[in-house]
A.B. asks: 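Before I ask anything, let me first share the structure, which is written out below as C-alpha cells.
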Amino acid sequence: MNWNPTWICPANDLGDPAAVFGTSFVFEKKITHANLTITAMGVYEARLNGRRVGQFVMAPGWTSYHKRLQYQEYDITDLLTNGKNEIEVTVGKGWYRSPLPGWLGCAYQDELRSRPCGLAAQITLTFEDGSSKILSTDESWKVSDGPVRFSEIYDGEIYDSAKTPLLDQPVTIFDGPTDTLILQQGEEVCEQERLAVKKVFVTPNGETVLDFGQNMTGYVELFVNAKAGDCVDLSFAEVMDKEGNFYTENYRGAKAQYHYICSDGVQTWHPSLTFYGFRYIRINDFPGGIDCVKPENFTAIVVHSNMKRTGFLSSSNTLLNQLFSNIIWGQKGNFLDVPTDCPQRDERLGWTGDAQVFVRTACLNYDAEKFFTKWLADLASDQHDDGYVGHVIPDLLQNPQASSAWGDAAAICPWQVYLAFGNKQILKNQYQSMKKWIDYITSTTTTKYLWTGGTHYGDWLGLDAPSGSYKGSSNEDFIASAFYAYSTSLVIQAGTVLGKDISELSTLYENIVNTFQKTWPTYHTQTECVLAAHFKLAKDCQAAADQLADMVRACGTKLQTGFVGTPYLLHVLSDYGHTDLAWDLLLRTKYPSWLYPVTKGATTIWEHWDGIMEDGNFWSKDMNSYNHYAYGSVADWVYGVAAGILPRKDAPGYAKVTIAPHPDKRLDWLRAELDTRHGHISSFWTKEDDSWRYEITVPVEADIVIDGVCHSVRAGSYCFYSDLKNA
C-alpha cells in the first residue's frame, strides 16, 4: 500500500498531557471487512468502541524518523458495532518527541520535538455488496487532553483516571510526513509475560519495596480498590545498595515516574506509552497507606519485540544455567524495537557496537531476522553519503567521526543474519551500505591500507585500561585496522554470494593484511592477540593464540578484554587448541568472569564485570547498568563450541551443519537445542561411566565430529561415545 494520508494535530498546544484524538461514524450496509491504517508522530494507543486495537505496545515503533516512519494496518472488523462507532487514539511523545538522549543536547532530536503531535489514520470499510468507504483523519475529528497527564520515554507516566477526554477542541490539518512512510517492517513490540511479586520487604531506611525476582523491561500493572483521588506512586530500581536500601543513582537523569490518581472502586491500570527497566519497585504512596500494600496489588508485565525463541541451553551447573537465563533476559530487555544498550537510564539507544558484538548470539536465541532487517534498514538510512555510520541507530548522537567496531555493525550484522537464516535478501538490502562503510574508512584514514587518525572507543571497558580511562590498553589504530580488514573480508564474502565484482575489494583486503602484518608484528594485550588470530591477520595465528593463552594464565587465568576482545576470546582459545582454558574462563566464579555477577545475584548481564564489587560497593554512579546484554555474546561459544552446533558458510541457515562438541569434565552434562529454518537441532553430551555419551539430532545432512573423528550423516538422531579421559 502506497499511503498518502491526511495528517492532523491539535489546533492548540495541549502542553504535557497526551493528546486524545477521536471521531465517530455509523454505517448502514452490512460490513464484511474493516481495516485501520494508522501512524503517529509519537507513540499511540488506539481504541475502537472502548476496546484496544491490536497488541502493538509503543506503536508505531522507533525508526530513523527523518527518513522512515512505520505505519500499521489492523483488522478491526470484530470491533465494530451496528450502531454508532467511536474511535479514540491517544498519542504520547514516545521516541519521536521525548528529549533524547538524556545527558546532552541533540539537534537531530530537537528538530523532531519541534514538530506537532501528529496523527494519521484511515478506516476502510468493505461492504457485502462489494462497495467500500474510506474514513480518514480530517478536520471533522476532535481532540482534547485526557487521563495521561504526562508521558515520556525516560521520565515515565502520570495518569489521572478521573480525567475523561472531552474531545471538544479542534484539530488542524498540516503537512506531516508522507514520502517517508513505510508499512510495518520490524517485529511488533508486545506484552510477553507476567511476573508476580516474589517478595515484599522493608529496607533499613524504612521503605516498602517489592521484588519481582527478575530484572526486566516493561511496566507494572496495578490492581487496587480505592477512593477517588487516592494516589499510587512508585519508583523503580535494578538493585539494592550495600546496606539493602533502594538504589536509583544509576538511572541518572531518568525520573521513571509512575503516578496514578485513582477513581472510585476496584480498578486495574498500567502505563501504555512508556516503559521501564527494573527488578524492584518502591511504594511511595498507596490508598489507605503503605501498610495496606499486598503483593497481589502489582504484576510486572514484560515487554519486548515479538520474536520467536529458537535457542535453548541447559547444563548440570546451576550457576551456568543462571548465566544462560541472564543472557536471554538481557536480550529480551534490550530488544525493544531497536537493540538498545540498556532499558533503564537516560540512554536506551541503539548502540551499533553492542549490536555487532551480540548479533550472532541474538540469532541463536531468537528468530531475530525481521528485527535486524528493520534496524539495519535504519542504519543504511542514517548512513552518510561518504559511508559514515553513527555510534547509535537511530543516529541521535551525530558524532563527527565514526568509531571502529561500532560502525562495523554495517558489515558484521548483515553477514551474521545471513549465516543464521540463509536469506540472501538481507545482503541484497545492505550490500551498498556494507561497501560504503569500507569506502568511508578508505577515504578518511591517514595511513593507506590501515585505519589511523580516527577517534574510537577502543577496547571499551577493557580491564587493562589505564587509570582514569574507560578504554582498554590495546592500540586503537590496531583495533581500527583489524576491523577494517575484517569488515572488508565480510563485504567480499557478501559480494561473492550476490555475484558482485569483488576484484577491487580483494586487492584492498590483501594490501590491508600485508600492511597490518608489517606494522604490528607483535601484540601487547589479550585483545590484540584475539583480533590478530580471530581475524586471521597474524602471520602465525597459532603463535598469537598461544601468546593469548600465556597472557590469560600469567594474570591468574583471568580475562582482561573489553567490548572488542571479549566476544572472540573463547573462540580463539578453542580454535587453536586451548579449549580447556576457554572452559576455565567460562566457569570461573571470581571477578572478573561471566559467573561472578551470578554469584552476586544478577538476573541479567551487567555493563561492568564488577557492577557490584566484591566489597558490595558499586563500580560507579553514572555508567553502571545491570541490564546490558553485550557480554552475553559468550552464549555463541556455548552453542558453537561447547555443544558444537556450527553454521556453515557454504550452507547458510543451517541447510547443512557441523556438530563438533567439546565437553568438559567439570560438567556432568550439557544440552543445546536450536530451531532453524530447516528443522530442530539438538546436541547433548553427558557422562556415562568412563565415557562421554553424545546424543545428536539433525534435520539435514551433517558432519558430526567426535574426538577428532568426522562422521558424515543424513538427517536423523545419533548416539556416539568417546573416552572421558580425552576431555
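For reference, positions follow the sequence shown, starting with 1.
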A.B. asks: Do you know which of Leu581, Leu587, Asp580 makes side chain to side chain contact (heavy atoms under 4.5 Å, CB included) with Trp583?
C.D. replies: Leu587
A.B. asks: Please determine whether side chain to side chain donor-acceptor pair (under 3.5 Å) holds for the pair His391 and Tyr457, giving the CA-CA distance in whole Å, both sets of side-chain angles, and the decisive distance to 0.1 Å.
C.D. replies: CA-CA 10 Å; His391 301 183; Tyr457 289 108; 2.8 Å; yes
A.B. asks: Taking atom types as modelled, is there a side-chain donor on Asp636 or His571 under 3.5 Å from an acceptor on the other?
C.D. replies: yes
A.B. asks: Any donor-acceptor pair under 3.5 Å linking the side chain of Thr340 with the backbone of Arg348?
C.D. replies: no
A.B. asks: Restricting to non-hydrogen atoms, name the atom on Val700 and the atom on His678 that form the minimum distance, rounded to 0.1 Å.
C.D. replies: CG1-CB, 3.7 Å
A.B. asks: Between Ser682 and Thr697, does any side-chain donor sit less than 3.5 Å from a side-chain acceptor?
C.D. replies: no
A.B. asks: Pick out which of His608, Gln344, Glu607 makes a side-chain hydrogen bond (donor to acceptor under 3.5 Å, both in side chains) with Ser625.
C.D. replies: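 For Ser625, the side-chain hydrogen bond (donor to acceptor under 3.5 Å, both in side chains) check succeeds only for Gln344.
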A.B. asks: Distance alone, cut at 3.5 Å: any donor-acceptor contact between the side chains of Asn321 and Ser315?
C.D. replies: yes
A.B. asks: Is there a donor-acceptor contact under 3.5 Å linking the side chains of Tyr568 and Thr561?
C.D. replies: no
A.B. asks: So does Asp690 have more than 12 non-hydrogen atoms from other groups sitting under 6.0 Å from CG?
C.D. replies: no
A.B. asks: Measure the shortest side-chain to side-chain distance between Leu569 and Trp637 over non-hydrogen atoms and say whether it is less than 4.5 angstrom.
C.D. replies: no
A.B. asks: Any luck finding a side-chain donor-acceptor pair between Asp408 and Ser487 under 3.5 Å?
C.D. replies: yes
A.B. asks: Determine whether the side chains of Thr361 and Ser633 contain a donor N or O and an acceptor N or O closer than 3.5 Å.
C.D. replies: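 The criterion, which ignores hydrogens and geometry beyond distance, is not satisfied for Ser633 and Thr361.
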A.B. asks: Among Tyr484, Tyr449, Trp437, which one satisfies side-chain hydrogen bond (donor to acceptor under 3.5 Å, both in side chains) with Thr442?
C.D. replies: Tyr484
A.B. asks: Just by distance, no angles: are the side chains of Asp477 and Asn475 close enough, under 3.5 Å, to form a donor-acceptor pair?
C.D. replies: no
A.B. asks: Quick one: do the Tyr721 and Arg693 side chains pair a donor with an acceptor below 3.5 Å?
C.D. replies: yes
A.B. asks: Of Trp329, Trp606, Trp619, which is the lone residue that meets ring-ring contact (aromatic ring centres under 6.0 Å, His included) with Tyr626?
C.D. replies: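 Option passing the ring-ring contact (aromatic ring centres under 6.0 Å, His included) with Tyr626: Trp606.
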A.B. asks: With side chain to side chain contact (heavy atoms under 4.5 Å, CB included) as the test, pick out the partner of Asn627 among Thr603, Ile605, Thr604.
C.D. replies: Thr604
A.B. asks: I'd like to know if the side chain of Ser403 and the backbone of Trp406 have a donor-acceptor N/O pair within less than 3.5 Å.
C.D. replies: no
A.B. asks: Looking at every heavy atom in both Val357 and Phe563, which two are closest together, and how far apart are they?
C.D. replies: CG2-O, 3.5 Å
A.B. asks: Verify the distance criterion only: is there a donor paired with an acceptor across the side chains of Asn326 and Gln322 at less than 3.5 Å?
C.D. replies: yes
A.B. asks: Starting at CD of Gln560, measure out to CE of Met551 and round the result to the nearest 0.5 Å.
C.D. replies: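 If I round to the nearest 0.5 Å, the distance is 8.5 Å.
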A.B. asks: Would you say Thr557 and Asp584 are linked by a side-chain donor-acceptor pair, where the criterion is simply a distance under 3.5 Å?
C.D. replies: no
